[in-house]
Amino acid sequence: MNRRVTLLALEVLTPLAVVAGWFVVSAGSTSLYYPPLADILQRFGQIWLGSGFVTDALPSLGRMLAGYGIAAVAGVVVGTALGLSPMARTLLGPTVEFLRALPAVLLIPFALVVFTNDTTLKVFVIALGCSFPVILNTVDGVRSVEPLQLDVAQMFGFGRVERLWRVVLPSASPQIFAGLRASLSLALILMVVSEMVASTNGIGYSILQSQRLFATTDMWAGIVLLGVLGYLINTALVVVEKRVLAWHRGFRASVLGS
């Protein structure tokens, strides 16, 4: 218990110490490129706790979550199929590896030609770029399921669908969540990049416009917002992961304890 309290205190105090150090070091700065943190926080409140949250932050979050949700579902489905079927891996494996090697941002010019709707364009780029970490981790998780587990499930009369839901996916879920967490940070990056290249609103668009107008305090306020959103979204996923994988931690604790 004391160790958990210590780790929690360090998790809270370390960022506070960094912010306090930034506040002290930047105080009184007259540089155009490195404004005082106090000014950045003031503009943060004026922009992102006001109308900017509705006009720019909400559309960005909507596009990111839509693309991420599509990537999560498609990644698990495709990864499970590839993990269970050697024939599917043989047929689709090279295609998946080829697409995985392409940086998702390179597809923005293609998406600009194909999609006339800005939102669809960004969701497509985010979904495609985020799907591959989920696919690859799901494949590894499904392939690592012990054959003995499947044999026992078959002996108990489980059908294919029941074996999938009650044996394969639960066993692969730790690696699936590892892919989901890797994709989450990628979704935030792709959201910003796509809005910088082709958009009329959004966090990335706002940051780029601030940079072009030399409003560096506003630019830093947008960067701070991205950091806060990334931390909060990742924390939410960690909470979900802990709840879903509670059985896995309990199983590991019992095995290590024995």
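Fair warning: this is a prediction, and the values are worked out from it, not measured in the lab.
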Please answer whether the main-chain N or O of L82 pairs with a side-chain N or O of S85 as donor and acceptor at a distance below 3.5 Å. no
Sidechain-backbone polar pair: S144 side chain, G141 backbone, donor-acceptor under 3.5 Å: yes
With a 4.5 Å heavy-atom cut-off, do V78 and L92 have their side chains touching? no
If two hydrophobic side chains count as joined below 4.5 Å and joins carry through other members, does W22 share a cluster with L225? yes
Establish whether V114 and V125 are linked, either directly or via other cluster members, by ILVMFWY side-chain heavy-atom contacts under 4.5 Å. yes
Is there a side-chain contact between R43 and S210 (heavy atoms, below 4.5 Å)? no
If you take all heavy atoms of G230 and L188, which pair is closest and at what distance? CA-CD2, 3.9 Å
Side-chain heavy atoms nearer than 4.5 Å, only ILVMFWY residues, links allowed to pass through others: does that put L213 and W48 together? no
Below 4.5 Å, heavy atoms only, C-beta onward: do L237 and Y68 meet side chain to side chain? yes
Rounded to the nearest 0.5 angstrom, the CZ-CD distance for R100 and E97 is 4.5 Å
So I233 and L61, do their side chains get closer than 4.5 Å, heavy atoms only? yes
Does S26 use its side chain to pair, donor to acceptor, with the backbone of L37 at less than 3.5 Å? yes
In terms of ring plane angle, is the pair W220 and Y34 parallel, tilted or perpendicular, where the classes change at 30° and 60°? tilted
Rounded to the nearest 0.5 Å, how far does CZ of F110 lie from CG of L106? 13.0 Å
Using side-chain heavy atoms (C-beta onward) and a distance below 4.5 Å, is L226 in contact with I207? yes
Test item: R143 and R89 side chains (from C-beta on) under 4.5 Å apart, heavy atoms: yes
Can you name the closest pair of heavy atoms from V134 and C130 and give their distance? CG2-O, 3.7 Å
Is L245 reachable from V240 through a run of hydrophobic residues whose side-chain heavy atoms are each under 4.5 Å from the next? yes
Value for CG (L58) from CZ (F53), rounded to nearest 0.5 Å, stands at 4.5 Å
Where do L164 and L84 land on the side chain to side chain contact (heavy atoms under 4.5 Å, CB included) test, with the steps shown first? CA-CA 10 Å; L164 175 65; L84 291 175; 4.1 Å; yes
Side chain to side chain, T55 and N201, heavy atoms closer than 4.5 Å: no
Any heavy-atom pair between the side chains of I176 and N137 that's under 4.5 Å? no
Would you give the length of the straight line joining atom CZ of R181 to atom CG of N234, rounded to the nearest 0.5 angstrom? 5.0 Å
Under the side chain to side chain contact (heavy atoms under 4.5 Å, CB included) rule, what do M64 and V192 come out as? Steps first, then yes or no, please. CA-CA 9 Å; M64 189 195 80; V192 174; over 6 Å; no
Among the clusters formed by ILVMFWY side chains lying less than 4.5 Å apart, do F124 and V73 turn up in the same one? no
Quick check: closest heavy atoms across V105 and P109, and the distance to 0.1 Å? O-CD, 3.9 Å
Here the pair of heavy atoms bringing L32 nearest to F214 is CD1-O, 3.9 Å
Minimum heavy-atom separation for V76 to T138, with atom names? O-CG2, 3.7 Å
Taking atom CG of L128 and atom CG of L107, what is their separation to the nearest 0.5 Å? 5.5 Å
CG (L180) and CD (Q175) are apart, to the nearest 0.5 Å, by 12.0 Å
Quick check: closest heavy atoms across A57 and I203, and the distance to 0.1 Å? CA-CG1, 3.9 Å
